[in-house]
Amino acid sequence: MSFINLREKVVQVKVVYYGPGRCGKTTNLEFINRTYRKQIHSEMVSLKTHGDRTLFFDFLPFDMGKIKGYDIKIQLYTVPGQVKYNATRKLVLRGVDGIVFVADAMEKQREKNIRSLNQLHENLQSYKESIFKIPLVMQYNKFDLTEHGIPVLPLSVLEKDLNSRLQVPYFKASAITGYNVAATLKKIISSTVISIQKKLL
Amino acid sequence: MNYGIVSQEQLEQIDVVLSEKLIKLGVDCVIIIDMAGNIITVKDNRENKYDVYSFAALAAGNFATVDAMAKLVGEQEFSLLFHKGQDSNIHFSKIDDDLLLISMFGKEISLGFLRLNVVEVIDQIRKIWDKK
Ligand SMILES: Nc1nc2c(ncn2[C@@H]2O[C@H](COP(=O)(O)OP(=O)(O)O)[C@@H](O)[C@H]2O)c(=O)[nH]1
Ligand SMILES: [Mg+2]
């Protein structure tokens, strides 16, 4: 849950990028880190293995500026995607305010996306949160691969697999080129801030 | 307990306790965070400029990891969490299920002395919290 400091007028908001291994969560944060240097006042923290896989999380604090006189500090996290790391994935979800679900649009990843989304649902339940209530944005990543002749799932299939019940905002994206990375971020920030704003009134 | 919004008054009272009981003794920096990695308050001796947001994210992760390990080996919790360095040390202490008190201190202070004071501080913070 977000923490609101009434004295210093600071709101801290936790946004987590969730999704199967190698779908592009870390690449999203790296792009944001490169593109918005002015709004980021520290180094990106990445806890990873020698093989460059996320071991625990990536962390990137991002300053949104002021809303209603409050400084909004967005704390971006990623989870480790590998199947064996569910215990740590759960720890990162603690107190989450908004989630970007990054799906890997590659055809062969279809099952993995679905399994990962189901596990997100269960993990949120363990914190008495609901995937149907928490601010959530879908990102269908790696759409640039079509240009390289690599088969990518059609948008309609991704929507049907992952978003037919949730009905949340979604973006086709390419974290590696930056396509729709900012759009995804803006969307999750606005959804999350709207849900928190009610507390500031 | 709803710790999402803490009143200005409570924060000020907590800051006084941290200053009087820890900073005045020579503790370099005290941070209260929640388990999600949010910062509740920071007090320091004005010499240290840590990147407190990254620090809070890592500290919450570290604490949560050790806590999960304790459960795996059948412990309720590991009560002492302490990292010792050449010049600075870090001590973690749980205030309650949601909050963590982190103290950073140098060679001048002994761990035993720090722990004694931390226990007192936590006791006072709980009282301030419960007033809501
Ligand atoms: N073609 C393509 N590759 C990507 C994209 N996003 C990430 N990747 C690659 O996929 C691999 C895994 O990315 P990473 O961000 O580490 O995935 P994570 O496990 O979700 O953090 C890396 O080799 C990235 O370069 C994308 O949009 N398009
Ligand atoms: Mg990663």
Side-chain angles (χ1 to χ4, degrees), chain A residues 1-16 29 33 40-47 54-63 70-80 85-98 126-127 129 195-196 198-201, chain B residues 1-19 31-44 48-73 77 94-100 128-129 132:
Chain A
M1 84 188 281
S2 59
F3 179 73
I4 300 167
N5 185 328
L6 295 172
R7 180 184 49 177
E8 272 139 43
K9 299 217 139 198
V10 174
V11 182
Q12 294 166 71
V13 177
K14 181 171 184 173
V15 170
V16 175
L29 259 62
N33 189 31
I40 298 165
H41 303 297
S42 53
E43 297 299 309
M44 176 163 159
V45 175
S46 287
L47 303 179
T54 306
L55 175 64
F56 198 163
F57 57 75
D58 305 297
F59 172 74
L60 186 64
F62 182 87
D63 275 347
Y70 282 82
D71 251 322
I72 312 287
K73 291 190 181 294
I74 312 284
Q75 326 275 33
L76 302 176
Y77 288 78
T78 70
V79 295
Y85 291 145
N86 195 46
T88 42
R89 253 192 308 281
K90 241 162 130 166
L91 296 181
V92 178
L93 281 176
R94 178 151 185 183
V96 64
D97 298 299
S126 74
Y127 289 118
E129 288 280 357
S195 87
I196 287 168
K198 294 169 193 153
K199 290 195 224 166
L200 292 181
L201 291 175
Chain B
M1 180 179 59
N2 175 19
Y3 64 92
I5 302 181
V6 185
S7 79
Q8 176 148 348
E9 201 191 333
Q10 283 174 313
L11 270 184
E12 266 155 25
Q13 288 172 345
I14 289 169
D15 279 0
V16 169
V17 173
L18 297 181
S19 294
I31 309 179
I32 296 181
I33 65 170
D34 67 17
M35 300 296 180
N38 295 311
I39 294 176
I40 312 298
T41 190
V42 183
K43 275 276 132 195
D44 59 38
N48 290 289
K49 268 283 151 264
Y50 300 104
D51 174 1
V52 283
Y53 285 95
S54 301
F55 191 90
L58 291 167
N62 178 59
F63 188 84
T65 310
V66 174
D67 208 46
M69 289 195 297
K71 305 257 150 61
L72 277 182
V73 300
E77 61 186 14
K94 204 168 156 175
I95 298 173
D96 61 25
D97 285 343
D98 290 311
L99 299 174
L100 211 55
I128 295 170
W129 224 259
K132 266 204 275 210

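Everything numeric here is computed off the predicted structure, so don't read it as measured data. Throughout, protein chains are lettered first and strands after them, A, B, ... in sequence-line order, and every chain is numbered starting at 1.
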A.B. asks: Provide the closest heavy-atom pair for B:I40 versus A:N5 in the form atom of the first, atom of the second, distance.
C.D. replies: O-ND2, 3.7 Å

A.B. asks: Begin from the C-alpha positions of A:Q12 and B:D34 and carry the test side-chain contact (heavy atoms from CB on, under 4.5 Å) through to its verdict.
C.D. replies: CA-CA 11 Å; A:Q12 294 166 71; B:D34 67 17; over 6 Å; no

A.B. asks: Tell me, for B:T65 versus chain A, whether the close heavy atoms (under 4.5 Å) come from the side chain, the backbone, both or neither.
C.D. replies: both

A.B. asks: Hey, is CD on B:E77 packed in by over 12 heavy atoms from elsewhere, all under 6.0 Å?
C.D. replies: yes

A.B. asks: Tell me, yes or no, whether the heavy-atom count around A:E8 atom CD, taken from other residues, nucleotides or ligands under 6.0 Å, exceeds 12.
C.D. replies: yes

A.B. asks: Evaluate side-chain contact (heavy atoms from CB on, under 4.5 Å) for A:R7 paired with B:T41, printing each intermediate quantity in order.
C.D. replies: CA-CA 10 Å; A:R7 180 184 49 177; B:T41 190; 3.6 Å; yes

A.B. asks: Applying salt bridge (charged side-chain N to carboxylate O under 4.0 Å, His left out), can you list everything that pairs with A:K90, at least two apart in sequence or on another chain?
C.D. replies: none

A.B. asks: Taking all non-hydrogen atoms of both residues, which atom of B:A57 and which atom of A:Y77 are closest, and how far apart?
C.D. replies: CB-OH, 3.3 Å

A.B. asks: Is it the backbone or the side chain of A:V10 that comes under 4.5 Å from a heavy atom of chain B, or both, or neither?
C.D. replies: side chain

A.B. asks: If I compare all heavy atoms of A:F59 with all of B:S54, which pair ends up nearest, and what's the gap?
C.D. replies: CE2-CA, 3.4 Å

A.B. asks: Do A:R94 and B:D98 pass the side-chain contact (heavy atoms from CB on, under 4.5 Å) test, and can you show the C-alpha distance, the side-chain angles, and the key distance before you say yes or no?
C.D. replies: CA-CA 10 Å; A:R94 178 151 185 183; B:D98 290 311; 3.4 Å; yes

A.B. asks: If we only count heavy atoms from C-beta on, is the A:L60 to B:Y53 side-chain gap below 4.5 Å?
C.D. replies: no

A.B. asks: Which one of B:G61, B:A68, B:G37 has the most heavy-atom pairs closer than 4.5 Å to chain A?
C.D. replies: B:G61

A.B. asks: When you look at A:L47 and B:L58, which way does the side-chain contact (heavy atoms from CB on, under 4.5 Å) test go after all the steps?
C.D. replies: CA-CA 9 Å; A:L47 303 179; B:L58 291 167; 3.8 Å; yes

